[in-house]
Structure formats: C-alpha cells, structure tokens
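Have a look at the structure below, then the notes.
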Amino acid sequence: MDNKSRKIQQKRFRRTKTQLEFDLEQAISKVIQRNGFHNATVTDIVKKAQCEPGVFYKRYDSLEKVLFLTTLRLPEVYYELLQRDKAAQPEINLLNTLDEICDYLSKDSLFKRLIQWEIAEKNKSTSRSFKEREHIFSELTDLLSNNDYKYAYAIILGGIYYLSISKQYSTCMGVDFKSKENWKKIKVIYKNMLQSLDNPLEEEEQINITKYLLAQGFNYTKIKRATGLTISDIMKIDIQEDTSN
C-alpha cells in the first residue's frame with residue numbers, strides 16, 4: 001500500500017472520541033454475543049472496533065473490568081419493568097418480567113451469555129450479577145399474596161434458563177426451541193400454569209380427585225397438597241367411602 005492509499009484509509013477511519021467509545025462498546029457487545037463472556041478477548045474486540053489495543057487499554061484497565069462493567073448494565077431490564085409497572089399487581093409485574101426474560105433469552109443476547117457465564121464460572125462479576133438479580137426479584141416476590149407464586153416462578157424461570165442454553169445443542173422432550181413459535185407457546189403455557197394458582201379447584205372437583213387418589217393408595221398428606229383440602233376433610237371423605245363400600 002503506498003503512502004497516498006494509507007493516508008486515505010487513515011482519514012476514512014478517523015473518529016471522534018465519542019464515536020470511538022461507541023464503536024468499542026458495540027464491538028464488546030458483539031464479541032460477547034458471538035463468543036460468550038469467558039471466550040471474549042481484547043484481540044477480537046479491537047479487531048471488531050477497528051482500533052489498536054492501546055486505544056482499548058487507554059479506556060479500560062483490563063478485559064476483566066470490561067466484562068464486569070458489561071454485567072452491570074444487564075439488570076436494567078428489571079429496574080425498567082419495576083418502574084414501568086409499579087401500579088400493577090405484583091403477579092402481573094412478575095409475569096411481565098418473565099415475558100421480557102423469555103424474549104431476551106430466546107435470542108443470542110448479552111443476557112443469555114451472562115446466564116451461561118454464571119453457570120460455567122464463579123467470579124466477582126458472576127457472583128454480583130446473581131445477587132443483583134435475586135435482590136430485584138425479591139422486591140417483586142415479597143409483595144405476593146400467594147407464597148406458592150415464588151416456587152412457581154422459580155421453576156418457570158429455571159426452565160426458561162435451561163431451554164435457552166440447551167436449544168443450541170438439542171431439542172428438549174422432542175421440542176425444538178430454536179423456533180420462535182415454540183417460545184410463544186411457552187409464554188401461553190406458563191401463563192395458564194400461573195393462572196391455576198388463582199383458580200383453586202371447585203369443591204366438587206376436590207372431592208372427586210380425593211376419592212380417586214384414595215382409591216389409588218395415596219396418603220392424606222399428598223392428597224392435601226394436590227387438592228388443597230384439610231386432613232380432616234380428607235378423613236371424612238375416606239370414612240364416607242369406606243361406609244358406602
């Protein structure tokens with residue numbers, strides 16, 4: 001390349017400080033999305049940003065600091081939802097948060113890469129992001145009227161995490177979660193599951209299920225969990241069944 005061509009190329013990539021910082025941030029995000037947090041390198045970042053390593057280190061102390069700063073930005077989605085839906089019921093607030101997380105994790109987002117990093121490696125950044133997210137969720141779940149919601153949300157959230165990570169390797173129960181349509185179905189299903197917590201079994205249905213479970217040999221404690229009836233009510237039904245037989 002002659003001097004004239006080199007000068008033209010240098011001029012083409014001459015950027016303001018603001019533009020250079022923006023390009024670096026974009027490069028960091030794209031490299032992490034492509035390679036994951038644990039495989040991100042300064043070499044890949046500066047190559048993507050089209051700058052020299054010295055430019056990177058002039059702005060950041062180390063790669064570890066960059067990764068840490070990136071994780072700090074990710075809980076913003078929760079804070080935004082909390083502010084946006086403060087007037088909503090806690091159950092609706094949590095449901096909106098689940099929908100948002102489902103959308104983020106169904107794509108190859110930074111948030112998905114963070115979940116993978118948290119599972120794969122324990123360090124200052126992953127420990128902080130775990131605690132930060134738990135703190136935000138606690139603000140929501142502490143307002144719930146039905147404590148069963150906490151367990152239901154934990155199960156659903158864990159399932160979403162698992163499906164988002166495993167989808168690149170295999171189907172799950174024969175379902176391909178690379179499909180956007182299947183992620184939409186997940187939303188419908190977990191909404192129905194959560195709705196069932198607000199709609200307990202009708203009395204007649206409770207009695208019929210209790211009779212069936214007694215006939216199958218289930219103990220009172222398990223029947224109580226399944227139907228919501230008290231042990232005393234289950235005993236009465238059991239005695240009535242014995243008498244009628």
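Counting from 1, the numbers follow the sequence of the chain as shown. As the structure is a prediction and not an experimental result, all values here were calculated from the model.
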Compare every heavy atom of [Y] with every heavy atom of [X], then report the nearest pair and how far apart it is.
X: K224; Y: L229; answer: CG-O, 3.0 Å
X: R59; Y: L20; answer: NH2-CD2, 3.6 Å
X: Y153; Y: L95; answer: OH-N, 3.5 Å
X: F56; Y: V66; answer: CZ-CG2, 3.4 Å
X: T41; Y: V31; answer: N-CG1, 4.5 Å
X: Q168; Y: Q116; answer: NE2-NE2, 3.0 Å

Is [Y] close to [X] at the side-chain level, that is, under 4.5 Å between some pair of heavy atoms?
X: E204; Y: I207; value: no
X: K185; Y: V175; value: no
X: S127; Y: K122; value: yes
X: C51; Y: L24; value: yes
X: L110; Y: Q33; value: yes
X: L67; Y: I32; value: yes
X: D99; Y: K191; value: yes
X: K187; Y: D103; value: yes

Quick one: pull up [atom1] in [X] and [atom2] in [Y] and give me the separation to the nearest 0.5 Å.
X: Q26; Y: Q19; atom1: CD; atom2: CD; value: 9.5 Å
X: E118; Y: Y161; atom1: CD; atom2: OH; value: 7.0 Å
X: I223; Y: M235; atom1: CD1; atom2: CE; value: 12.0 Å
X: S164; Y: K178; atom1: OG; atom2: NZ; value: 13.5 Å
X: I45; Y: Y60; atom1: CD1; atom2: OH; value: 8.5 Å
X: L214; Y: I234; atom1: CG; atom2: CD1; value: 7.5 Å

Do you reckon [X] sits in the same ILVMFWY cluster as [Y], going by side-chain contacts under 4.5 Å, direct or chained?
X: I186; Y: I115; result: yes
X: M193; Y: I155; result: no
X: I231; Y: F218; result: yes
X: F177; Y: I189; result: yes

Taking the side chain from [X] and the backbone from [Y], do they hold a donor-acceptor pair closer than 3.5 Å?
X: N182; Y: D176; value: yes
X: K48; Y: K30; value: no
X: R128; Y: N123; value: no
X: K167; Y: S106; value: yes

Practice task
Please determine if K131 and E134 form a salt bridge, counting it only when a charged side-chain N lies under 4.0 Å from a carboxylate O.
Solution key: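 No, this pair does not count.
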
Handout entry: Stepwise side chain to side chain contact (heavy atoms under 4.5 Å, CB included) test for T71 and L114
Key = CA-CA 7 Å; T71 65; L114 176 60; 3.6 Å; yes

Exercise for the section: Describe, in one word, how the ring planes of F37 and W117 are oriented to each other, choosing from parallel (under 30°), tilted (30 to 60°) and perpendicular (over 60°). Expected result: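 The rings of F37 and W117 lie parallel, inter-plane angle below 30°.
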
